[in-house]
Protein chains: 2
Amino acid sequence: MSNHFITIIGLAAAFCTTISFLPQAIKTIQTKNTSGISLSMYSLFSFGTLLWFLYGILTSDLPVSIANGITLVFACIILVYKVKYK
Amino acid sequence: MSNHFITIIGLAAAFCTTISFLPQAIKTIQTKNTSGISLSMYSLFSFGTLLWFLYGILTSDLPVSIANGITLVFACIILVYKVKYK
């Protein structure tokens, strides 16, 4: 399989997993319904995404920093709503 | 900063973001409460994680394959419950 095709799969993967938290953040902001959302998940996930963001900076890996920086914002919004409207 | 320390940050990041979906999967299985969970998020996220898994296999990157293979299982469980108990 060509390297070009493999790179496209990687970029598509990064796009999907990064942008996927946007509809969840929008839904949570609009409905304030967080009863089914796990506080443990968003605490661990936000912390992990922060570590990925730092890892990207420390290794000068711009795609890792940018993707995780964006995800971190979405995850923190959901986490704040979970804590506020549990 | 030493490379050793940076590697630990990366491993901790991978551990947190991978394992974070476990408490959400457990909560969803136990409560069947999926009203606050976004179908768009878990559809996009599961597809993205599948692409990361394939990307890891195609680039012979074992950590990427394993971490995303585990996350894919958790994400698919939550997605199936969301579709079944919406």
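Any value given below was found using the heavy atoms of this structure, including those in side chains, with hydrogens, waters and symmetry copies removed. A, B, ... follow the sequence lines: proteins, then strands. Residue 1 opens every chain.
The most heavy-atom pairs under 4.5 Å with chain A, out of Ala13(B), Ala14(B), Cys16(B), Gly10(B), come from Ala13(B).
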**Request:** Show your reasoning for whether side-chain contact (heavy atoms from CB on, under 4.5 Å) applies to Thr28(A) and Ile77(A).
**Result:** CA-CA 9 Å; Thr28(A) 304; Ile77(A) 290 171; over 6 Å; no
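Note that CD of Gln24(A) and CD1 of Ile29(A) are 10.5 Å apart. Values are rounded to the nearest 0.5 Å. In this structure, CZ on Phe74(A) lies 8.5 Å from OG1 on Thr18(A), to the nearest 0.5 angstrom.
Under a 3.5 Å cut-off, the side chain of Thr71(B) and the backbone N or O of Asn68(B) do not form any donor-acceptor pair.
Near-neighbour residues of residues 44-65 of chain A relative to chain B, defined by a heavy atom under 4.5 Å from a heavy atom of that chain, comprise Leu44(A), Phe45(A), Phe47(A), Gly48(A), Thr49(A), Leu51(A), Trp52(A), Tyr55(A), Leu58(A), Thr59(A). For a heavy-atom cut-off of 4.5 Å, chain B lies close to Asn33(A), Ser35(A), Gly36(A), Ile37(A), Ser38(A), Ser40(A), Met41(A), Tyr42(A) in residues 30-42 of chain A.
No single ILVMFWY cluster, assembled from side-chain heavy atoms under 4.5 Å apart, contains both Leu72(A) and Ile19(A). Note on Ile70(B) and Phe15(B): same hydrophobic cluster, where clusters join Ile, Leu, Val, Met, Phe, Trp and Tyr whose side-chain heavy atoms are under 4.5 Å apart, directly or indirectly.
Taking both residues in full, the closest heavy atoms of Ile78(A) and Phe21(A) are given as CD1-O, 4.1 Å, listed atom of the first, atom of the second, then distance.
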